[in-house]
Protein chains: 2
Amino acid sequence: MQSLTRGKLAKIAGVNSETLRYYEQRGLLPDPPRGESGYRLYPQESVDRLRFIKGAQELGFTLDEVKELLLLRVNEDADKGDVRLRAQRKVAQIEQKIQALQCMRDALAQLIHECSGEGPTSDCPILEAMENHTFYPTTP
Amino acid sequence: MQSLTRGKLAKIAGVNSETLRYYEQRGLLPDPPRGESGYRLYPQESVDRLRFIKGAQELGFTLDEVKELLLLRVNEDADKGDVRLRAQRKVAQIEQKIQALQCMRDALAQLIHECSGEGPTSDCPILEAMENHTFYPTTP
DNA sequence: GCTTGACTTGTAGCTGACTACAAGGTTTAT
DNA sequence: ATAAACCTTGTAGTCAGCTACAAGTCAAGC
């Protein structure tokens with residue numbers, strides 16, 4: 001197999017084929033070469049690209065951010081230093097998210113540990129902690 | 001100070017006051033007691049609640065999920081075991097997010113490390129890795 | 001060779017999460 | 001005491017990210 005029509009690509013990548021059009025519009029997926037008939041003929045890599053997009057999205061990146069990530073690859077004008085810098089910024093961004101999530105998880109885990117698991121919720125430490133907002137990274 | 005009008009609460013919590021209405025509709029913020037005039041009088045805790053909502057949202061929880069988190073506290077019928085269970089599910093959910101993000105970060109960091117930071121992007125390992133989709137948690 | 005299904009473009013609608021506007025009542029500041 | 005600022009409800013619009021529909025073209029199976 002060499003190239004894929006829209007529907008095939010959509011099926012393989014597990015997205016709606018209309019989504020492909022949308023991504024094309026948004027500049028996340030290049031308009032691929034066409035056959036005689038005008039049908040799009042997507043190269044195999046498109047599958048990876050789509051999986052990447054979907055993965056990044058699940059991790060909380062917006063389509064614009066995903067585009068940025070993808071541009072690291074495309075921009076021929078940018079030199080490696082530029083790519084490095086952008087990548088480093090992304091790492092910092094990711095790290096922030098991780099930390100906030102860890103904070104949240106630790107608080108929850110601690111509370112689960114403290115909570116006996118019986119009786120009414122009136123004196124459950126989880127609930128109290130949430131009231132005292134020990135639960136999320138405080139924004140002072 | 002005892003209670004806050006809508007505008008004050010919005011300002012303190014750093015959200016648009018219309019957002020408060022919206023959250024009320026969505027059941028994330030209870031309709032507070034009213035004064036003579038019908039004005040809402042929010043208790044101080046509302047600030048924490050809002051900060052919690054915003055924090056959770058930034059971590060990628062939807063408003064429905066945030067509501068669920070908040071319900072851990074509100075549901076008087078639920079016993080501690082129930083709360084515990086819900087909390088544990090949330091922890092698992094958070095942990096998944098963390099792992100995916102760590103995977104992404106590690107891949108990026110590794111690539112930054114390998115990348116010299118000079119020359120054109122044509123042979124940048126970051127870009128190659130993205131093409132070979134070693135970049136995101138593979139979904140087999 | 002003809003039907004059925006997949007493709008094409010264009011346009012319109014949907015959900016989530018807000019955000020803005022309108023028409024009126026209230027509070028506060030001068 | 002009166003204008004400005006803020007509250008009330010209702011309704012409508014916006015932006016992201018899809019998703020669906022329409023009218024027509026092409027191709028694959030029987």
Side-chain angles (χ1 to χ4, degrees), chain A residues 1-43 46-47 49-71 93 136, chain B residues 1-43 46-47 49-71 93 97:
Chain A
M1 197 199 281
Q2 270 267 50
S3 43
L4 305 159
T5 56
R6 183 164 272 179
K8 301 254 171 60
L9 173 57
K11 193 159 239 175
I12 292 173
V15 306
N16 188 314
S17 72
E18 296 283 11
T19 304
L20 300 185
R21 282 180 75 195
Y22 180 67
Y23 286 172
E24 195 176 300
Q25 262 177 228
R26 288 285 302 257
L28 285 134
L29 201 59
D31 192 0
R34 313 295 186 99
E36 277 289 291
S37 57
Y39 282 23
R40 281 167 183 76
L41 296 173
Y42 291 97
S46 307
V47 180
R49 200 180 176 93
L50 281 170
R51 283 217 255 262
F52 175 78
I53 293 168
K54 283 293 159 198
Q57 224 176 356
E58 265 166 46
L59 298 181
F61 293 100
T62 65
L63 287 189
D64 280 346
E65 285 169 333
V66 175
K67 196 172 161 184
E68 238 181 90
L69 284 166
L70 288 167
L71 279 176
Q93 204 181 328
Y136 50 92
Chain B
M1 196 201 276
Q2 269 266 51
S3 43
L4 305 159
T5 57
R6 183 164 272 178
K8 300 250 172 63
L9 174 56
K11 192 159 237 173
I12 293 174
V15 306
N16 188 314
S17 71
E18 296 283 13
T19 305
L20 300 185
R21 282 179 76 194
Y22 180 68
Y23 285 172
E24 194 176 303
Q25 261 177 229
R26 290 283 305 254
L28 285 135
L29 200 60
D31 191 1
R34 312 296 186 97
E36 277 289 292
S37 59
Y39 282 22
R40 280 168 183 75
L41 296 173
Y42 290 98
S46 305
V47 179
R49 200 180 175 94
L50 281 170
R51 282 217 255 264
F52 176 78
I53 293 168
K54 284 293 158 197
Q57 224 177 356
E58 265 165 45
L59 298 180
F61 293 100
T62 65
L63 286 189
D64 279 346
E65 285 169 335
V66 175
K67 195 171 161 186
E68 240 182 88
L69 284 166
L70 289 167
L71 279 176
Q93 204 181 328
K97 282 193 192 188

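Quick caveat: nothing in here was measured; it's all calculated off a predicted structure. Naming convention: chains lettered A, B, ... in sequence-line order (proteins, then strands); numbering from 1 in each chain.
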Phosphate OP1/OP2 of D:dT9 contacted by B:Arg34 side-chain N/O (<4.0 Å):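 For D:dT9, OP1 or OP2 has a side-chain N or O of B:Arg34 closer than 4.0 Å.
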OP1 or OP2 of D:dC7 under 4.0 Å from side-chain N/O of B:Ser37: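 Result: no.
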Provide the closest heavy-atom pair for [X] versus [Y] in the form atom of the first, atom of the second, distance.
X       : Y       : result
B:Lys67 : B:Leu28 : N-CD2, 3.7 Å
B:Phe52 : B:Val66 : CE2-CG1, 4.2 Å
B:Arg51 : B:Ile12 : NH1-O, 4.0 Å

Can you pull every protein N or O that's under 3.5 Å from an N or O on nucleotides 16-20 of chain D?
unit_1	atom_1	unit_2	atom_2	d
D:dG17	OP1	A:Leu63	N	3.1
D:dG17	OP2	A:Arg26	NH1	3.0
D:dG17	OP2	A:Arg26	NH2	2.9
D:dC18	OP1	A:Lys54	NZ	3.2
D:dC18	OP2	A:Tyr23	OH	3.0
D:dC18	OP2	A:Gln57	OE1	3.3
D:dC18	OP2	A:Gln57	NE2	2.3
D:dA20	OP2	A:Asn16	ND2	3.4
D:dA20	N7	A:Glu18	OE2	3.4

What is the distance, rounded to the nearest whole Å, between atom [atom1] of [X] and atom [atom2] of [N]?
X       : N      : atom1 : atom2 : value
A:Gln25 : C:dT8  : CD    : P     : 14 Å
A:Leu41 : C:dA6  : CG    : P     : 17 Å
B:Glu24 : C:dC18 : CD    : C1'   : 15 Å
A:Arg40 : D:dT25 : CZ    : C1'   : 14 Å

Residue closer to the 5' end of DNA chain D, B:Arg6 versus A:Glu36 (nearest nucleotide):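 It is B:Arg6 whose nearest nucleotide is closer to the 5' end.
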Basic-acidic side-chain contact under 4.0 Å: A:Glu18, A:Arg21: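 Result for this pair is yes, salt bridge flagged.
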Spacing of B:Arg40 atom CZ and B:Leu29 atom CG [to the nearest 0.5 Å]: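 Answer for the CZ-CG pair, B:Arg40 versus B:Leu29, is 9.5 Å.
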Donor-acceptor contact below 3.5 Å, side chain A:Arg6 vs main chain A:Leu41: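 Between the backbone of A:Leu41 and the side chain of A:Arg6 there is no qualifying donor-acceptor contact (under 3.5 Å).
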